[in-house]
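We're numbering straight along the sequence, starting at 1. All figures in this text were calculated on a predicted structure; none of them were measured in a lab. Values reported hereafter were calculated over all heavy atoms of this structure, with side chains retained and with hydrogens, waters and symmetry mates removed.
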Amino acid sequence: GGGAIIAWEDARDPACTKIYAQRLGYNGKKIWENGSLPLTRVNAQQSGLLLAPDGKGGAIIVWQDERDVLSLKDLYGQRVSGQGELLWDKNGLAFCSENGEQAEAAMIPDGAGGVIFTWTDYRRGDRNPDIYAQRVNISGKPLWQKDGVIVCGAPDIQRSPKIIGDGERGALIAWTDKGGGSYDIYAQRLNADGKPLWLT
């Protein structure tokens with residue numbers, strides 16, 4: 001529409017940083033009322049946001065959320081319409097709430113109105129992080145395995161994934177990997193169904 005949707009970590013509440021968003025018109029004028037839009041009403045620390053267009057004039061935003069103190073940082077998401085409506089529940093949807101932290105996420109549009117995102121996952125402990133991924137459609141429904149498909153679960157440390165589309169609604173994911181004793185770069189390709197196409 002000639003403008004932009006912007007999201008940020010906002011510390012106006014001293015108790016916790018939360019994710020807010022705003023839409024600007026082509027002339028830089030704020031379009032949504034009240035200055036900005038909170039993505040949830042939950043009083044919980046939120047950080048590490050990712051943003052992608054939904055192809056319908058709105059945006060999909062994914063972030064790390066600490067509302068569940070037992071599982072530390074989890075991945076939540078929200079879709080915002082071009083009119084500033086929250087389309088995926090008033091407090092967002094949980095996309096991975098496994099034990100341990102889900103951190104260092106990266107995300108791309110999937111070409112069908114949804115997104116594919118990948119992250120470093122500590123569900124097997126702080127010393128053995130793995131790489132997971134998930135695809136979510138425009139309605140907020142996860143299309144792959146609950147809490148994500150494993151991209152790499154090799155021994156030792158896999159972290160800091162990056163992602164790019166493969167042109168067929170799948171993704172190429174690369175990460176830093178200490179499985180060989182020193183840090184190397186590994187990669188995997190997932191198809192549109194979340195199945196690995198290269199060596200496991």
Side-chain angles (χ1 to χ4, degrees), residues 1 3-25 28-123 132-149 163 194:
I5 294 176
I6 301 166
W8 65 92
E9 297 175 20
D10 195 301
R12 69 185 70 181
D13 180 349
C16 56
T17 299
K18 297 177 68 176
I19 307 300
Y20 280 72
Q22 177 59 272
R23 181 179 170 198
L24 302 179
K29 182 180 178 181
K30 298 174 185 176
I31 294 177
W32 297 339
E33 296 298 323
N34 302 320
S36 53
L37 176 71
L39 298 190
T40 74
R41 301 294 178 185
V42 174
N43 289 322
Q45 187 76 10
Q46 299 168 354
S47 60
L49 71 100
L50 305 164
L51 186 146
D54 67 359
K56 303 287 185 182
I60 294 172
I61 303 166
V62 171
W63 68 89
Q64 294 172 181
D65 194 295
E66 298 182 46
R67 69 185 70 178
D68 184 346
V69 295
L70 296 179
S71 63
L72 305 176
K73 293 178 181 176
D74 298 321
L75 292 177
Y76 277 73
Q78 180 65 270
R79 181 179 165 216
V80 184
S81 76
Q83 290 71 47
E85 304 164 300
L86 301 181
L87 301 176
W88 292 350
D89 191 75
K90 63 181 180 179
N91 289 319
L93 300 176
F95 293 136
C96 186
S97 55
E98 273 283 342
N99 290 330
E101 289 192 356
Q102 285 75 49
E104 299 181 319
M107 184 171 76
I108 56 168
D110 70 353
V115 292
I116 301 173
F117 52 97
T118 181
W119 66 90
T120 304
D121 195 295
Y122 292 88
R123 68 183 71 179
Y132 278 74
Q134 181 62 275
R135 182 180 177 194
V136 175
N137 69 14
I138 197 167
S139 300
K141 179 183 177 182
L143 299 179
W144 296 347
Q145 184 175 318
K146 184 180 182 296
D147 290 317
V149 296
I163 186 170

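By the side chain to side chain donor-acceptor pair (under 3.5 Å) test, Asp147 is found to be paired with no residue, residues two or more places apart in sequence or in another chain being considered. Looking at residues two or more places apart in sequence or on another chain, you find no side chain to side chain donor-acceptor pair (under 3.5 Å) involving Gln145. With sequence neighbours excluded, no residue forms a ring pair (Phe, Tyr, Trp, His ring centres under 6.0 Å) with Tyr76. Partners of Asp110 by side chain to side chain donor-acceptor pair (under 3.5 Å), not counting sequence neighbours, listed by chain and number: Arg135. By the side chain to side chain contact (heavy atoms under 4.5 Å, CB included) test, Thr40 pairs with Lys18, Val42, Gln46, Trp63, Arg67, Asn91, sequence neighbours left out. Among residues two or more places apart in sequence or in another chain, the side chain to side chain donor-acceptor pair (under 3.5 Å) test is passed with Arg12 by Asp10, Ser36. A search for salt bridge (charged side-chain N to carboxylate O under 4.0 Å, His left out) contacts involving Glu104 returns Arg159, not counting sequence neighbours. Legend: residues meeting side chain to side chain contact (heavy atoms under 4.5 Å, CB included) with Leu50, ordered by chain and number and at least two apart, are Ala105, Met107. Not counting sequence neighbours, Arg23 has no partner by the salt bridge (charged side-chain N to carboxylate O under 4.0 Å, His left out) test.
Pairs of residues two or more places apart, or lying in two chains, never qualify as salt bridge (Lys or Arg N to Asp or Glu O under 4.0 Å) while including a residue from residues 34-44. Each salt bridge (Lys or Arg N to Asp or Glu O under 4.0 Å) pair with one or both residues in residues 81-96, not counting sequence neighbours, would appear here, but there are none. Sorted by first and then second residue, the pairs that involve residues 51-61 and meet side chain to side chain donor-acceptor pair (under 3.5 Å), not counting sequence neighbours, are Asp54-Arg79.
The closest side-chain heavy-atom distance from Glu9 to Ile19 is below 4.5 Å. Side-chain contact between Ile163 and Ile116 is present, with heavy atoms from C-beta onward closer than 4.5 Å. Considering only heavy atoms from C-beta on, Lys30 comes within 4.5 Å of Leu24 through its side chain.
Relative ring orientation between Phe95 and Phe117 is described as tilted, the plane-to-plane angle lying within the 30° to 60° band.
For Asp74 against Gly100, the heavy-atom pair with the smallest separation is OD1-O, 4.4 Å.
If you take CH2 on Trp119 and SG on Cys96, they are separated by 4.5 Å, rounding to the nearest 0.5 Å. Ile61 contributes atom CD1, which lies 9.0 Å from atom CG of Leu86 (distance to the nearest 0.5 angstrom). Put simply, CD1 on Ile6 and CG on Leu51 are 9.5 Å apart, with the number rounded to the nearest 0.5 Å. To the nearest 0.5 Å, atoms CD1 (Ile5) and CD (Gln22) are separated by 9.5 Å. Ile31 CD1 to Leu37 CG: the interatomic distance, rounded to the nearest 0.5 Å, is 13.0 Å.
Within the 3.5 Å criterion, the main-chain N or O of Gln83 finds a donor-acceptor partner in the side chain of Ser81. The backbone N or O of Thr17 sits less than 3.5 Å from a side-chain atom of Gln45, completing a donor-acceptor pair. With hydrogens and angles ignored, the 3.5 Å screen pairs no side-chain donor or acceptor of Gln102 with any backbone N or O of Ser97. Not a single donor-acceptor pair under 3.5 Å links the side chain of Glu66 to the backbone N or O of Ala44. In this structure, Gln64 contributes its side chain and Gly48 its backbone to no donor-acceptor pair below 3.5 Å.
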